[in-house]
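Below, read A as the first sequence line, B as the second, and so on, with proteins coming before strands; counting in each chain starts at 1. From a predicted model like this one, the values you see are computed outputs, not experimental measurements.
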Amino acid sequence: MPELPEVESIRRQLEPLLLGHHVTESDSHPSDKFTPAREIVGLGFEAVLRRGKYLLFSLDNGTEMVIHLGMTGQLIPVNDLSDPYLRAWWKLDNNVTLGYRDIRRFGRIRICLPGDYEGTLKKLGPEPLSDDFTIDSFYTSIKRSSRKIKTQLLSQLPVAGVGNIYADEACFHAGIYPGLRKLTRAKTADLHHSIRQVLYSAVENGGTTLRDYVNVEGKQGRNQQYLVCYGRDGLPCVNCGELLRRTVIDGRGTTFCPTCQRR
DNA sequence: ACTACGTCCTGCGAGC
DNA sequence: TGCTCGCAGGACGTAG
């Protein structure tokens, strides 16, 4: 499940691979989630950007290709075009074929004018590692909704790029039960700090690989060895030794420490 | 307008 | 051992 750190790791590796190069040929899976990939034949890459979990490819005709990796999306150079999970590919003028693999097909590819976004990308909250993500803006955004705090994080509105793994990790580090609907300003500041810390470290560690995530070189991330909450239900809390518990919050699996994260 | 929940998709692991 | 079934989850559509 690529979240901000995984998408940023991919972006950094794609940039030198794509910049200045043109697409000579392309094809895609017939689903309209992926067919827009074919529209960029003949165009060149001018920038590889990221907003939250979205990759933005600036093209030399003034449009942008937007890719969301969904659950199992991968962007990797490919040789075998008969790979059954290959949903799109672009042959470049540098003899590299970039492939979009996506086993579960939750990802999608779109072409649009820069800033002319639709859906979640249009309403995305601030970048968590930028100066735009302040405690004040975060607190104001959190207060606007009565939804559970984890659900708010996953909505991408208070802050961009947090998914299930880093939501659990951040709530754990902040000592916040993810099912709470109200946070004090002090607790909001703790969560703000934890989100930044957790995401920054994960980027430094090249992302988290639980199953499907690999970077452009096909290599796994290293951050999974530093997770202290997500996926550790039944194991002792690193702070207090209590066994971590698993519950479901708005349909999403959630791990927490019943002692450190009081309801 | 806001919240809650179903849907998409496929591999995998638990359980019989 | 071999099969069935439910789970995993990001974003979006729909219902209330």
Y54(A)/H68(A) under ring-ring contact (aromatic ring centres under 6.0 Å, His included): CA gap, chis, key distance, verdict: CA-CA 5 Å; Y54(A) 294 83; H68(A) 193 293; 4.8 Å; yes
Rounded distance in Å - CG (L210(A)) to P (dG13(B)): 13 Å
Residue-phosphate contact under 4.0 Å: H68(A) side-chain N/O, dG10(C) OP1/OP2: no
Selected nucleotide, minimal atom distance to N164(A) side chain, candidates dT10(B), dG10(C), dT3(B): dG10(C)
Whole-Å gap separating C1' (dT3(B)) and NZ (K150(A)): 18 Å
Options dT10(B), dA11(C), dT3(B), nucleotide nearest the side-chain atoms of R108(A): dA11(C)
Atom pair distance, as rounded to whole Å: CZ in R101(A) and C1' in dT10(B): 12 Å
Please tabulate, for the side chains in residues 127-143 of chain A, all donor-acceptor contacts under 3.5 angstrom to protein atoms that are two or more places apart in sequence or on a different chain.
from    : atom 1 : to      : atom 2 : distance (Å)
E127(A) : OE1    : R50(A)  : NH1    : 2.9
E127(A) : OE1    : R50(A)  : NH2    : 3.0
E127(A) : OE2    : R51(A)  : NH1    : 3.0
E127(A) : OE2    : G52(A)  : N      : 2.6
S130(A) : OG     : E127(A) : O      : 2.9
S130(A) : OG     : D132(A) : N      : 3.1
T134(A) : OG1    : S137(A) : N      : 3.0
T134(A) : OG1    : S137(A) : OG     : 3.1
D136(A) : OD1    : R185(A) : NH1    : 2.7
D136(A) : OD1    : R185(A) : NH2    : 3.2
S137(A) : OG     : T134(A) : N      : 3.3
S137(A) : OG     : T134(A) : O      : 3.0
T140(A) : OG1    : D136(A) : O      : 2.9

Aromatic plane relationship, Y100(A) with F34(A) - under 30° parallel, 30 to 60° tilted, over 60° perpendicular: tilted
T72(A) side chain near dG11(B) phosphate (N/O to OP1/OP2, under 4.0 Å): no
Contact list for residues 65-83 of chain A, test salt bridge (Lys or Arg N to Asp or Glu O under 4.0 Å), sequence neighbours left out: D83(A)-R101(A)
Atom pair distance, as rounded to whole Å: CG in D83(A) and P in dT10(B): 14 Å
Protein-nucleotide distance (L69(A), atom CG; dG10(C), atom C1'), rounded to Å: 11 Å
Distance test, side-chain N/O of Q156(A) to OP1/OP2 of dA11(C), below 4.0 Å: yes
Salt bridge (Lys or Arg N to Asp or Glu O under 4.0 Å) pairs, two or more places apart, involving residues 64-73 of chain A: none
K123(A) NZ to dG10(C) C1', straight-line distance once rounded to whole Å: 13 Å
Rounded interatomic separation in angstrom, taking CZ from F34(A) and P from dC8(B): 15 Å
Residues touching DNA chain C, which here means a heavy atom under 4.0 Å, drawn from residues 247-255 of chain A: R252(A), G253(A)
Sugar-phosphate, base or nothing in reach of R246(A), heavy atoms under 4.0 Å: sugar-phosphate
Out of dT3(B), dG10(C), dA8(C), whichever nucleotide has its closest atom nearest the side chain of Y230(A): dA8(C)
Partner residues of H173(A) under the ring-ring contact (aromatic ring centres under 6.0 Å, His included) criterion, sequence neighbours left out: none
Toward the 5' end of DNA chain C, by each residue's nearest nucleotide, L121(A) or M71(A): M71(A)
Other residues, nucleotides, ligands: >12 heavy atoms within 6.0 Å of K91(A) NZ: no
Between P of dG10(C) and CD1 of I67(A), the distance in whole Å: 19 Å
Check against side-chain hydrogen bond (donor to acceptor under 3.5 Å, both in side chains), Q197(A) and S201(A): CA-CA 6 Å; Q197(A) 184 55 54; S201(A) 300; 3.0 Å; yes
Axial bend angle, the helix from dC2(B)-dG16(C) to dC16(B)-dG2(C): five-pair end segments, nearest 10°: 50°
Side-chain N,O (T151(A)) to OP1/OP2 (dT3(B)) below 4.0 Å: no
Pairwise side-chain contact, D233(A) with T247(A), heavy-atom cut-off 4.5 Å (strictly under): no
For the student: nearest non-hydrogen atoms of D102(A) and L69(A), plus distance: OD2-O, 4.1 Å
Proximity to the side chain of E3(A) - top-ranked nucleotide from dT10(B), dG10(C), dT3(B): dG10(C)
Near-parallel close stack of F106(A) and dA11(C) base (under 5.5 Å, under 30°): no
Whichever of K33(A) and R181(A) has its nearest DNA chain B nucleotide further upstream toward 5': R181(A)
Phosphate-side-chain proximity, R105(A) and dG10(C), N/O vs OP1/OP2 below 4.0 Å: no
Within 6.0 angstrom of R245(A) CZ, more than 12 heavy atoms from elsewhere: no
